[in-house]
Amino acid sequence: MSLIVQKFGGSSVANAERIMNVANIITETYAKGNNVVVVVSAQGDTTDDLIEKAKEINEKPSKREMDVLLSTGEQISIALLAMAIEKLGYPVKSLTGWQAGFVTDSTHGSSRIRRIDKERLNNELDKGNIIIVAGFQGINRYDDITTLGRGGSDTSAVALAAVLHADLCQIYTDVDGVYTSDPRIVPNARKLDVISFDEMLELSSLGAQVLHTRSVEMAKKYNVNLEVLSSLTRKPGTVIKEVVDVEKMLIKGVAKDNNVARLSIIGVQDIPGIAFKIFSSLAAKKINVDIILQSVGRNNTKDIAFTVAADQMDEALEVLDDLKKVMNAKEIVYDDNISKVSIVGAGMATNPGVAAKMFEALADAGINIHMISTSEIKISVLINKEDCNRAVNAIHDAFIV
Ligand code: ADP
Ligand code: ASP
Ligand code: MG
């Protein structure tokens with residue numbers, strides 16, 4: 001008997017009709033003789049709506065209370081989906097994250113899973129029940145509710161597949177697989193039948209939200225058999241696996257990230273220890289820095305610019321404002337009206353023409369580049385947000401036909 005983990009995202013359970021559709025997929029899988037463990041997200045825009053509700057009351061609520069609030073979205077979904085499966089006449093139990101044994105660390109809002117206590121899950125499977133688990137949530141060692149960060153239900157699903165040694169982990173979503181770029185903004189995007197863990201990891205971390213980055217990390221680590229497919233069309237999706245021996249494309253995909261802010265500290269002294277001071281202060285506040293650019297020194301001063309996630313901009317600004325006084329800097333400049341667009345593919349470093357081709361595509365589209373960063377497997381540029389979709393299309397069409 002096989003064990004299959006199936007995850008359904010927010011749009012797949014957005015209303016009663018979609019929930020019945022999902023219930024049919026689950027019970028068909030069960031009726032074929034499989035054990036089925038399901039993970040669901042909050043319905044439609046529920047998580048965004050809950051965030052808005054919180055802001056109406058308090059602009060800066062504590063992260064602990066945000067987790068208490070946001071976890072309710074998934075709790076609604078598990079109950080409704082279990083009711084749909086009951087109606088179809090199958091044995092089913094819904095479980096919240098903590099009932100399902102998810103123990104996380106205490107970083108509210110972006111917790112990491114420490115372990116999954118399997119006892120309850122195994123009991124329910126032994127009884128022949130279909131299990132519906134609330135994604136995105138767990139409990140820390142103080143018995144407080146935690147959440148895994150936006151998009152975290154994918155990680156709940158892969159984690160379950162790993163600890164239960166599932167034969168397959170299916171991520172059902174609103175597109176029928178992983179594409180060479182977001183099919184909603186790039187009409188020429190191509191569906192990939194297969195993609196490697198490493199390439200998927202880059203695409204996800206550079207902004208392709210189709211899979212939560214940590215779910216891909218975990219799938220690679222525990223060698224989970226992972227597939228992305230649509231809950232609406234019954235077609236084969238995209239398989240994510242270790243080695244890909246199919247068609248060798250140099251460029252695997254183009255990703256965009258709108259959750260980016262650029263901060264610059266202008267006119268700091270051109271002496272040793274300045275970068276250390278800035279970035280260690282940011283690290284102390286757990287602020288993740290991405291691209292860093294330092295200007296050539298002149299008149300004994302220099303400028304340092306860097307990017308952070310837009311939702312960490314305010315925290316980063318507080319750190320810089322404190323440093324400005326200590327370091328005698330001239331001014332702090334910031335901008336969150338920007339996007340990062342990246343190309344991903346193996347062997348970038350050994351193909352010198354790739355960067356030039358990417359910049360040519362942007363130049364032809366009349367798009368200005370603010371910052372550039374390159375590595376073995378990706379090239380990223382920072383551009384104005386309003387140019388983002390045009391840039392993704394221009395770059396995509398230059399490399400992928
Ligand atoms: P879910 O609610 O099912 O978790 P998400 O909205 O988190 O769904 O992720 C699916 C979305 O990811 C798609 O609707 C698509 O717009 C977007 N997306 C971005 N990049 C890609 C890509 N390379 N391939 C497929 N989808 C992508
Ligand atoms: N509901 C959560 C979110 O919207 C988790 C998820 O959908 O994966 O981010
Ligand atoms: Mg998602």
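Any value given below was found using the heavy atoms of this structure, including those in side chains, with hydrogens, waters and symmetry copies removed. As the structure lists them, so they are numbered: ligands from 1, and atoms in each ligand from 1. All values derive from a computational prediction rather than experimental measurement.
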[X] to ligand 1, any heavy atom closer than 4.0 Å:
| X | value |
| --- | --- |
| Leu203 | no |
| Pro183 | yes |
| Ser41 | no |
| Gly253 | no |
| Lys7 | yes |

Passes salt bridge (Lys or Arg N to Asp or Glu O under 4.0 Å), Asp311 versus Arg150? Steps please.
-> CA-CA 12 Å; Asp311 45 29; Arg150 296 306 305 269; over 6 Å; no

Would you say Ser153 has any N or O atom under 3.5 Å from an N or O of ligand 2, going by distance alone?
-> yes

[X] side chain to [Y] side chain, donor-acceptor N/O pair below 3.5 angstrom:
| X | Y | answer |
| --- | --- | --- |
| Asn34 | Thr29 | no |
| Ser230 | Asp176 | no |
| Thr146 | Thr104 | yes |
| Ser196 | Glu199 | yes |
| Asn384 | His370 | yes |
| Asp67 | Thr147 | yes |
| Ser380 | Ser342 | yes |
| Gln170 | Gln6 | yes |
| His212 | Ser204 | no |

If we only count N/O pairs under 3.5 Å, is Asp154 in contact with ligand 1?
-> no

Do Thr180 and ligand 1 have an N or O pair less than 3.5 Å apart?
-> no

Under 4.0 angstrom from ligand 2, any heavy atom of [X]?
| X | value |
| --- | --- |
| Gly135 | no |
| Glu74 | yes |
| Gly151 | yes |

[atom] - nearest protein heavy atom and its distance:
| atom | value |
| --- | --- |
| atom 3 (C) of ligand 2 | Arg150 NE, 3.3 Å |
| atom 1 (P) of ligand 1 | Thr173 OG1, 3.6 Å |
| atom 6 (O) of ligand 1 | Gln209 NE2, 3.5 Å |
| atom 2 (O) of ligand 1 | Gly10 N, 3.2 Å |
| atom 15 (C) of ligand 1 | Asp182 OD1, 3.2 Å |
| atom 27 (C) of ligand 1 | Val210 CB, 3.7 Å |

What atoms of ligand 1 come closer than 4.0 angstrom to any heavy atom of [X]?
| X | value |
| --- | --- |
| Asp174 | 10 (C), 11 (C), 13 (C), 14 (O) |
| Val175 | 13 (C), 14 (O), 25 (C), 26 (N) |
| Tyr179 | 22 (C), 23 (N), 24 (N), 25 (C) |
| Val178 | 24 (N) |

A quick test of your reading: do over 12 heavy atoms of other residues, nucleotides or ligands sit less than 6.0 Å from [atom1] of [X]?
| X | atom1 | result |
| --- | --- | --- |
| Tyr334 | OH | no |
| Lys385 | NZ | yes |
| Glu331 | CD | yes |

Would Glu315 and Lys285 satisfy salt bridge (Lys or Arg N to Asp or Glu O under 4.0 Å), going step by step from the backbone distance to the final call?
-> CA-CA 8 Å; Glu315 278 176 273; Lys285 294 271 173 182; over 6 Å; no

Going by heavy-atom distance to atom 25 (C) of ligand 1, choose the closest among Ala208, Gly177, Ala255.
-> Gly177

Heavy-atom contacts with Ser41 under 4.0 Å: which atoms of ligand 2 show up? List them by number with element.
-> 6 (C), 7 (O), 8 (O)

